[in-house]
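A short worksheet on the structure shown next.
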Number of protein chains: 4
Amino acid sequence: MNTPEPKAASDHFSMQIRVYYEDTDFGGVVYYANYLKYMERARTEFLRTLGFDQSRLMAQERRQFVVKSAAVEFVSPARFDDLLLVTAEIIKVRRASLHFLQQCSIANDANAADANESNKTAGDLVASAEVVIACLDADSFKPCAVPGSLQTVLNP
Amino acid sequence: MNTPEPKAASDHFSMQIRVYYEDTDFGGVVYYANYLKYMERARTEFLRTLGFDQSRLMAQERRQFVVKSAAVEFVSPARFDDLLLVTAEIIKVRRASLHFLQQCSIANDANAADANESNKTAGDLVASAEVVIACLDADSFKPCAVPGSLQTVLNP
Amino acid sequence: MNTPEPKAASDHFSMQIRVYYEDTDFGGVVYYANYLKYMERARTEFLRTLGFDQSRLMAQERRQFVVKSAAVEFVSPARFDDLLLVTAEIIKVRRASLHFLQQCSIANDANAADANESNKTAGDLVASAEVVIACLDADSFKPCAVPGSLQTVLNP
Amino acid sequence: MNTPEPKAASDHFSMQIRVYYEDTDFGGVVYYANYLKYMERARTEFLRTLGFDQSRLMAQERRQFVVKSAAVEFVSPARFDDLLLVTAEIIKVRRASLHFLQQCSIANDANAADANESNKTAGDLVASAEVVIACLDADSFKPCAVPGSLQTVLNP
């Protein structure tokens, strides 16, 4: 089982996520809200590769990121055992918010069985979203500035 | 503990949903993707009050509803133990899709403790969304017509 | 849709919980870990009926309940749209822990469609568990005494 | 970000799992039921390394694995951003069931920030469980034999 390294530039990131039992519903496909979990994992790992640690931000600076809005298109359902490529691209940096474009698509899966029911090929789009993240004071929940170190990385 | 009856007209529905441990995250509030679960529960109960049984639809007609798109605004976070009022209003009926407007807001809660941290008052908006549901063939996942009986109820 | 009042004595509680899409997996039944969510909801509502508010406990006394162990038997799978009766019975009260016996079974459902696939009858056992809850200091995560007011209610 | 290969022998497997926002609750730690999700992911990947594909089993042979019982000890809470090592060991192979011993512990995390609140060191046990899996006919939900090919791998 070969898990390639996630790839990141300063404004783009992607990682592979496997669909497990927990992610599916009785319709046989991924439950729609769970794509938002996948996208949040990709944003978290993206921020980590930029040297940006949300645990430390919360503990030391009492700041946290929350989702302000998400506009999601569910294009084609993923199924149990599908391997997805989940991307996160920062398309706008504001004083107190970050705008992401994100996609889930079918990844190249060396382990995929022929019997897999999904009839999908690598690259097929599963879901896409525009997600706006706001930086909040973790106690008052009031908006506050995106940390300067992150601004610097994103707007060099 | 007084659980009022859900209320429905032919195009509008609301129900109360309690926020439990499982719904929250370590930021102290409801995890953003979970509002989509609440909204889906309200759509399910709405369809049930219209005499429309999704289990039977799936078993007998091999048709199911899936979410095609969701545009969600996360306005103000709900917390553990908050009682929410979740609404579902049908704003458009198409041949193969239904368009819903949905809101989560703080409900009147006779049991709310004074010590509740949320500082919210009944009626405060928590989240709102436009959700488009498509009717699919449960085997081919191809679009198919919304059942006539439901069309009749919604477009009398 | 008739939602009966939850019923509680000082050591026993039950409530009805509907199975939604979010709870199922592609096997067509409730995902096994989700029964633990149902059981936790029942414990929360049970404590509420005893006048015991976990939000206030956390905010004012910095104490919280956490699960120390759970031994669960998954007897017969519940399906989408099933209405469950979830019980919580306190079988042991210790200085710093509470022992619960909990069951999920099929509830009487006036709305159940004939076409429902589950072939279950009211009373059929779905899952049962013994769950041990410990009272912790919310900051240090060290064990501390179950609040005296709760001890009094449970050991009159 | 260095994701080591999962390791498997014919009766033992381990993989790393990162704790994301979705996994935590407002107590600041992983929601207890979510450890069961982690353990199920490890069982799935373990079976995959043994050449055993659950998608194909379901599609071609209409057999599936379900959890019959789980006895879980929650030893010490994991937190947001913790990296866990999740193991699965087969301790008993029966005609129609498999018995697993599973553990979640803190993994070596090269990326862990000093500011991480968890005060944990690699190897600390988080949760452990004995999980019994039954092989079922996917249509009747009646017990059936564990596939012979898997029996052969496990009892060489």
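Residue numbers begin at 1 in each chain, while the letters A, B, ... track the order of the sequences.
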What do you reckon, is CG of C/D137 surrounded by more than 12 foreign heavy atoms closer than 6.0 Å?
yes
Is there a donor-acceptor contact under 3.5 Å linking the side chains of C/E45 and B/Y20?
yes
Shortest non-hydrogen contact from B/Y21 toward C/F65
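Looking at all heavy atoms of both residues, the shortest contact is OH-O, 3.9 Å.
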Inspect the contact between C/D81 and B/R56 and indicate whether a charged nitrogen and a carboxylate oxygen are less than 4.0 angstrom apart.
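Salt bridge flag = no for C/D81 with B/R56.
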For C/E22, is it the side chain, the backbone, both, or neither that has a heavy atom closer than 4.5 Å to a heavy atom of chain B?
both
Just so I know, are the side chains of C/R41 and B/R18 near enough to count as touching, which here means a heavy-atom distance under 4.5 Å?
no
